[in-house]
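Quick notes on the structure that follows.
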Amino acid sequence: ATVFKVPHHGSSNADQPRVWEEALGKSPWAILTPMIRGRNRLPKESDRRRLLDRTGNVFIAASPERLKRKRDATVEATLKAVAAEPVILDPPMGQVRLRSEPSEEGWEVDLFGPARPLAAIT
C-alpha cells in the first residue's frame, strides 16, 4: 500500500512495525487524527518523532496541542485569580485529502482547516 491511516491517533501501543516493513511501500503517505480531549493527548511528541522516522509524508487533521481562547483582559485576570485554565472544548477539526489518478504515480495532498504536515508541529 502507498497510503496508511495510522490507527489509534498514532499511539505507540497501536504501532506494529511489520505493517511498515511488510505491508507498506517505500515512503508511504500516512494520515492520522489527533485525540485532544482528556489529559492524555495523542499523538505524543515521541509518537510524532516515531512516525516521522518511518516516513516524511505524514499529515494530521488538527494540532494535538491544547488551544486557548483569546478573552478580554478582565476575564483573563479573573480566571487567573481563581487558577482556572479553560480550553476550547470543540477545537476545529480539519481534513486531509489524498487524490491520485489511476494513470499517474504519487498523490496530490489537499489540507483543509487546521490540517497540516505532522512535521510542522514537531
_Test your reading of the model: is there a side-chain donor-acceptor pair from Gln16 to the backbone of Arg18, 3.5 Å cut-off?_
yes
*Under 3.5 Å: donor-acceptor pair, side chain of Arg41, backbone of Ser63*: no
Pairwise distance [atom1]([X]) to [atom2]([Y]) - rounded to 0.5 angstrom:
| X | Y | atom1 | atom2 | value |
| --- | --- | --- | --- | --- |
| Leu32 | His8 | CG | NE2 | 12.0 Å |
| Asp110 | Leu98 | CG | CG | 8.5 Å |
| Ile60 | Ile121 | CD1 | CD1 | 4.5 Å |
| Lys44 | Ser11 | NZ | OG | 7.0 Å |

Minimum side-chain heavy-atom gap [X]-[Y] below 4.5 Å:
| X | Y | result |
| --- | --- | --- |
| Pro17 | Arg54 | yes |
| Trp29 | Val109 | yes |
| Phe4 | Asn57 | no |
| Leu111 | Val96 | yes |

Would one find more than 12 heavy atoms of other residues, nucleotides or ligands at under 6.0 Å from atom [atom1] of [X]?
| X | atom1 | result |
| --- | --- | --- |
| Asn13 | CG | yes |
| Lys80 | NZ | no |
| Glu21 | CD | yes |

Looking only at non-hydrogen atoms, find the nearest pair between [X] and [Y] and report the distance.
| X | Y | answer |
| --- | --- | --- |
| Trp20 | Ala30 | CH2-CB, 4.0 Å |
| Asp47 | Ser12 | OD1-N, 3.3 Å |
| Ala62 | Pro34 | O-CG, 3.5 Å |
| Arg48 | Pro43 | NH1-O, 3.1 Å |
| Gly10 | Arg50 | O-NH2, 2.8 Å |
| Arg97 | Phe112 | NH2-CZ, 3.4 Å |

*Test His9 against Thr33 for side chain to side chain contact (heavy atoms under 4.5 Å, CB included), laying out the working first.*
CA-CA 5 Å; His9 313 287; Thr33 59; 3.4 Å; yes
*Give the cluster check for Leu24 versus Leu51: same hydrophobic cluster or not, with ILVMFWY residues linked at side-chain heavy-atom distances below 4.5 Å.*
yes
*Honestly curious: do Leu118 and Trp107 fall in one hydrophobic cluster under the side-chain, below-4.5 Å linking rule?*
no
*Do the charged groups of Arg49 and Glu45 touch, with an N to O distance under 4.0 Å?*
yes
